K.L.:
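Have a look at this one.
Quick caveat: nothing in here was measured; it's all calculated off a predicted structure.
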6 protein chains.
Amino acid sequence: MELDSKIMEKAATLIEALPYIQRFNRKIIVVKYGGSAMADEELKRNVIKDVVLLKLVGFKPIIVHGGGKEISRWVSKVGMEPRFVNGLRVTDADTMEIAEMVLNKVNKSLVSMVNELGVKAVGISGKDGQLLRCDKKLSNGQDIGFVGDIKEVNPKILFDLLEKDFLPIICPIGFDDNCQSYNINADDAACAIARAVKAEKLAFLTDVEGVYADPKDKDTLISELTTDHMEELLNSGNIGGGMLPKLQNCLDAVLNGVSRVHIMDGRIAHCLLLEIFTNKGIGTAILKAGDDHFYTPDEK
Amino acid sequence: MELDSKIMEKAATLIEALPYIQRFNRKIIVVKYGGSAMADEELKRNVIKDVVLLKLVGFKPIIVHGGGKEISRWVSKVGMEPRFVNGLRVTDADTMEIAEMVLNKVNKSLVSMVNELGVKAVGISGKDGQLLRCDKKLSNGQDIGFVGDIKEVNPKILFDLLEKDFLPIICPIGFDDNCQSYNINADDAACAIARAVKAEKLAFLTDVEGVYADPKDKDTLISELTTDHMEELLNSGNIGGGMLPKLQNCLDAVLNGVSRVHIMDGRIAHCLLLEIFTNKGIGTAILKAGDDHFYTPDEK
Amino acid sequence: MELDSKIMEKAATLIEALPYIQRFNRKIIVVKYGGSAMADEELKRNVIKDVVLLKLVGFKPIIVHGGGKEISRWVSKVGMEPRFVNGLRVTDADTMEIAEMVLNKVNKSLVSMVNELGVKAVGISGKDGQLLRCDKKLSNGQDIGFVGDIKEVNPKILFDLLEKDFLPIICPIGFDDNCQSYNINADDAACAIARAVKAEKLAFLTDVEGVYADPKDKDTLISELTTDHMEELLNSGNIGGGMLPKLQNCLDAVLNGVSRVHIMDGRIAHCLLLEIFTNKGIGTAILKAGDDHFYTPDEK
Amino acid sequence: MELDSKIMEKAATLIEALPYIQRFNRKIIVVKYGGSAMADEELKRNVIKDVVLLKLVGFKPIIVHGGGKEISRWVSKVGMEPRFVNGLRVTDADTMEIAEMVLNKVNKSLVSMVNELGVKAVGISGKDGQLLRCDKKLSNGQDIGFVGDIKEVNPKILFDLLEKDFLPIICPIGFDDNCQSYNINADDAACAIARAVKAEKLAFLTDVEGVYADPKDKDTLISELTTDHMEELLNSGNIGGGMLPKLQNCLDAVLNGVSRVHIMDGRIAHCLLLEIFTNKGIGTAILKAGDDHFYTPDEK
Amino acid sequence: MELDSKIMEKAATLIEALPYIQRFNRKIIVVKYGGSAMADEELKRNVIKDVVLLKLVGFKPIIVHGGGKEISRWVSKVGMEPRFVNGLRVTDADTMEIAEMVLNKVNKSLVSMVNELGVKAVGISGKDGQLLRCDKKLSNGQDIGFVGDIKEVNPKILFDLLEKDFLPIICPIGFDDNCQSYNINADDAACAIARAVKAEKLAFLTDVEGVYADPKDKDTLISELTTDHMEELLNSGNIGGGMLPKLQNCLDAVLNGVSRVHIMDGRIAHCLLLEIFTNKGIGTAILKAGDDHFYTPDEK
Amino acid sequence: MELDSKIMEKAATLIEALPYIQRFNRKIIVVKYGGSAMADEELKRNVIKDVVLLKLVGFKPIIVHGGGKEISRWVSKVGMEPRFVNGLRVTDADTMEIAEMVLNKVNKSLVSMVNELGVKAVGISGKDGQLLRCDKKLSNGQDIGFVGDIKEVNPKILFDLLEKDFLPIICPIGFDDNCQSYNINADDAACAIARAVKAEKLAFLTDVEGVYADPKDKDTLISELTTDHMEELLNSGNIGGGMLPKLQNCLDAVLNGVSRVHIMDGRIAHCLLLEIFTNKGIGTAILKAGDDHFYTPDEK
């Protein structure tokens, strides 16, 4: 019986995945998902499929998502003007109300997509199970409204949902002792959660390819960044506004028990799968100085 | 040492609660909460306190809530006109989007209030854990949009949350196989859930005192209604529009394993507590014909 | 619908109990019960009701009881003379036999009363499960017979019974390696058991209102006594014979992990309930110096 | 190296026990213990050692004991007169009080002896865990006081204690809904308990060798009695007063799930051990008609 | 960033596996492995990799292996002559001894290969945990030695090993009550085990492509065979000697709770993976008449 | 009724075993079994019976066996010459293959014998569950083939089998990272396993009576040897070749958590039983200096 070479390649691809599946078995992987990758329905479906596959082969993925563009759209819709200070949304009471509504709607739409693939998801916010307790975050000393600074993560609800085999999907809304809601930056939330659950991996699906040594030169993409080179890079002055806090978060995660953080381009179909299951590195990996390069095991 | 009589009465009240606490120990009680009782912040806090107390003394309460007035407010806010057919909201795609956002917002505000009292709540919709699978519901054969008819309840997520000691709060949004969201009548959702978890009790906190034999005569409040008198009443022509489907739901619940259904006036402070813990009956109780009157145990 | 103010007060009382129920959820509370409060059948029933209520709302009560008066009655009944040295019963072999019989009888009568309220109790002595291992206790160097000094507490049987949802009731009989029975002072037993199970609270239901700064002046009842004031009090010379070892026991308990000890008047109906569930302090509370006054939480 | 034949016989005896140990592994064996065998301290210690050995090799023994002689002694001690009607003790309130005290004392002395051998026993009465619920038993229609007729056995406490690896020791005191204590015939209690826990074996340690076809002829001891021969024997008129209800109990047990009942002479040292572990049958075995003779497995 | 099409195909292949991974999650798959596929080291490694991958993505594979050729080699090696009657090995005591040694050696070599891939295997025979109890199998009434006919499968050891996350590997040696070893046909063993554990799938890795309608015409390979066509085929006279008992086994398995049996060519690299994870059917599938074709789910 | 003295002695023997049964309850006992004791079928059956009895009375025995003589027999059978260097078998690839086959055969024959007595055994090698990871062992720097030096013991498989109530039987074959098999000295394996599972006792059934102070004088058998006298003995020059590594192993075990090691003559019927259950010490016990002589508890 003849089997065409394409079929044989399929087998090879599955076998290639074996050491990675083994390595991440029962490990928690936090996926931060936002930006353009969320706008395109096709891309969204691809991301969800990737995460569902991770779940099915034995990993324990958790999704943390944003929804900034959709919030702005709804703020405008009710006749208000979205305002930002230093890249942070000015969040008065009305905006906060809209933000919470919109983020929860986005949350449940992701739940539905996972449902459709036959895996049970549960969508929660940082209020549920008292997951994300906040204070008000100031922007250079300025009060910009109900923007939250995470004070305490209570991961019990996450461990409980994972134990019961659900896929948790989290929208970054927090609370304080006075029942006030806060809008939290999704990167901050993902990072704090990854630390609290001691995730093996934290992956940021973003709108950029990764970290550039020189953002103006697309050929300077850094594929691996250790913590000791990070400082150098942060001091180079080459890192722009949006990337700066993200890198700070990555550094924080890696220094606090998350084995590896990835910044990758969520607009590439199945980037998550390719990063995890193949030798082809996607985007930038941030890891502790001295960690060995165990992510590309040689097949025996 | 003299203790004033007021203190002694307090002790008496607590002791009076003993047989009720005993009776409902580890039993599931579904509380449908909506209407005017939700509009008043003070009443809302009272309801939440009651449910939290039920949780703390060993019951397993589940809240199902509505939010119709708030939905209408937001529909208007974005410049649309709320429309109803036979008392059911006409729910086009835009309205559905708003309804889901608003109900989730209400949901999380209830979660916050429970949090504040030191009990951990988890707010979910009917999408989470694939709780409420729907079809489209027609109104006398007429398509009125994404109004859901519950086809299947999957209570696993509820049992899991109860086992992990959370208080589940549910907003009545469902889903179908095509990832479409549906707005479900909160009474329908509460009833279907009470049946699926085999609740001991289902309590409707409404805007009326209970069921009247003659709605025009406030002196005809029925305090106990058995299933065999129900039919008679339904045929009397005295039951008005809003009450009709509610009674149908009650009948359905009682005939399918829920021991007792209560319709009570959510505007009375702590009505839930008084109904459950004292001999003072509140509103109307619906029970199976032949069931004994075990809810008012004589103290030994 | 009008609800009279009395009904509303009932609701208020139940709601008032909420923070206390929350605070003691799944905590162990050891109740030492003896003296006059045991002689009156009505009071006895009240105490038992209180403990059953504690059990039903989620606490884990353990009863340790005495029975001195009943022992004396039976010693006399068989024609012997009860004898005491320094307040300790001289316990020869015959007296020991009677004491054990009487205490077990008292024990089982308490079990019956709990049974009757629908909660399952198990009555054990310090021999069962090798709970209380003893040596002979001397009274100022004098051998006064089989009076036990607790050498070792083996709380496994208590944890097992609590886990299986029983209410343990303990009579203070111990054993030694030679199969000899010992009569143990019930205060000593309660204190040793509270320490061994790391009880949250130890409550002595006694024949006095509490501790007086000056026992001759009923107006000097101390409602709160911290460990550092205790020494001062013990040195004042104002504390009489019976209270002295009791206070020593209290100090010992508080210094060894029991959060708070209460001395209260068991002759006040439902004193236990009032102490735990209301802001009205009953008797004297003994606590560690520096512990905050968390027992009267302000309602939010 | 020479080993004397005595040592080799020891090995042989242990090996001989192997199939029996295997057969009763994790099986419940109820031992009714009373009469003369309880009066002699040496015999008592032997019985206890046997039961402890059964426990240690993996069986689950439960002891049910009597104490009639000791009760009579104490009734006399307080100046009353023991009275009997048809072999049943007339049990007025005073007698009941003494009976309960004495039986509990006997109970705890057995607990102590087991303790001493390093196994943890828990002594309970039929009140604990609501084990034995009773009605009043009449003697030929005559009220003879608080003699109990078992209405309901609630074995939860026994299963819980066995699960936690305790050896339960039970004294035959029951209760009714009004908190009244009852004295129960120990044979009745043992039989009811054996049925309720579905014991593999029920052994009566008595003052007779077993059942005689002709009680006047000691050579007519019956070593095996099947249920179908039982009736014949009961009708023969040869069975005397004391043995009659005992045989009725045995028949009842065997017909209700207890595999085999033994009546043996408790005055023979280690009779229990010899019966169970050797081919030497002791006393009379009662078994269902048609049951095979599996108790003397041939060694392979 | 450009990703070459090959990389994208890899992602597509992984995603294609998703519905199959989902379908077989926690299902038991028995793999019968023998013949030529075992002779080639490269093929052997491929089969083991496939099974390890199945294990890692959440299935519960069990391997049953043969070793006929290796047995013959060793029989010759010690100077004996392998003999067969009707395709069954004549198994005298000496041959049995060699067969058991050889099969255990093969068994442990498979264990080693699984070990090497980081999954823990446990190799057992049908003696371990009393897995396969046998009688002697006659060949047309003729005694051909210690060839076993399976009388009873005791799958406890398999469930225990699977629960503890081991991969069981079984060699087909059985036992009888007299401690005698038996050589069992590996197909028989695989089939009996698949039935006993209620396997989802039983896959035979053989030396042929599958079942042919006409074995002389390689173009008549049957890709799907339902039980009702089976009889027809068996009666056609076209099925040769070796395939006949195999098909009988398949029929037996499918009629007794195994959802689907596969006969495939073990010499095709990764045939198992391709069969399970792709739409490309390999070999012949045997299924119950009327079963739907759920094995090729359409991707949504 | 008269019971002859022989019967009474049986009872006495069983009672004598009580404190030992108590002491070793749920303790792990590793039995190294090899040499002449394995050659005689009658002795073999006796050893197996002893171990089965240990299992049934609540111990957790593990058997580690050798099979040197049988290996040599098979090496000769295929026309090869067994070779030894310094008492270690020269193990080329062919010899290794035979050794593995023979040891597995011996292993399964022991499994069968345990099966026959009604206890479930599971026979494994050091490859199963990755139990014994090895390196090559040199003999005075000389490569003698695949003789294994244990590098790592992974006892999970043993704990899992014990938890599931199986009796593990282990043959000393190890593996390395390259899938290579190694022949391990059975004494080494038993010792390493006893350490890894923290066995209470390690018993070597050998061909000698025990350790002699002077091997030429059979009257110098040492019945108890503490670790501090061990060195003295090792330095005396009196200890011969075969005993030297065995004593080194014993010392190693006792210093690493095994309470007591026994060297005894496996040719004495039931030596294991006699050693454990009677006051008659058999062979030589090795224990830590300072350990009390708790193995001969006085009966109370």
K.L.:
What residue among D160(A), I157(A), V122(A) forms side-chain contact (heavy atoms from CB on, under 4.5 Å) with L161(B)?
P.N.:
I157(A)
K.L.:
Determine the option with the most heavy-atom pairs under 4.5 angstrom with chain A, choosing from K77(B), K156(B), E97(B).
P.N.:
E97(B)
K.L.:
Within this structure, what is the NZ-CE distance for the pair K127(A) and M113(B), rounded to the nearest 0.5 Å?
P.N.:
11.0 Å
K.L.:
Would you mind telling me which of V78(B), D176(B), N104(B) has the largest number of heavy-atom pairs within less than 4.5 Å of chain A?
P.N.:
N104(B)
K.L.:
To the nearest 0.5 Å, how far apart are OG in S181(B) and NZ in K105(A)?
P.N.:
10.0 Å
K.L.:
Can you measure from SG (C179(A)) to CZ (R45(B)) and round to the nearest 0.5 angstrom?
P.N.:
6.0 Å
K.L.:
Could you check whether atom CZ of R83(B) has more than 12 heavy atoms from other residues, nucleotides or ligands sitting under 6.0 Å from it?
P.N.:
no
K.L.:
Under a 4.5 Å heavy-atom cut-off, does chain A meet the side chain of N154(B), its backbone, both or neither?
P.N.:
side chain
K.L.:
Charged N to carboxylate O under 4.0 angstrom, E100(B) versus K108(A)?
P.N.:
no
K.L.:
What part of V102(B) lies closer than 4.5 angstrom to a heavy atom of chain A: side chain, backbone, both or neither?
P.N.:
both
K.L.:
Can you confirm whether M101(B) sits close enough to W74(A) that some side-chain heavy atom of one is under 4.5 Å from a side-chain heavy atom of the other?
P.N.:
yes
K.L.:
Considering all heavy atoms of both residues, which atom of F166(A) and which atom of G129(B) are nearest to each other, and what is their separation?
P.N.:
CE2-CA, 3.9 Å
K.L.:
Heavy-atom pairs under 4.5 Å with chain B: which of V114(A), N115(A), N107(A) has the most?
P.N.:
N115(A)
K.L.:
In terms of heavy-atom proximity below 4.5 Å to chain A, should V106(B) be classed as side chain, backbone, both, or neither?
P.N.:
neither
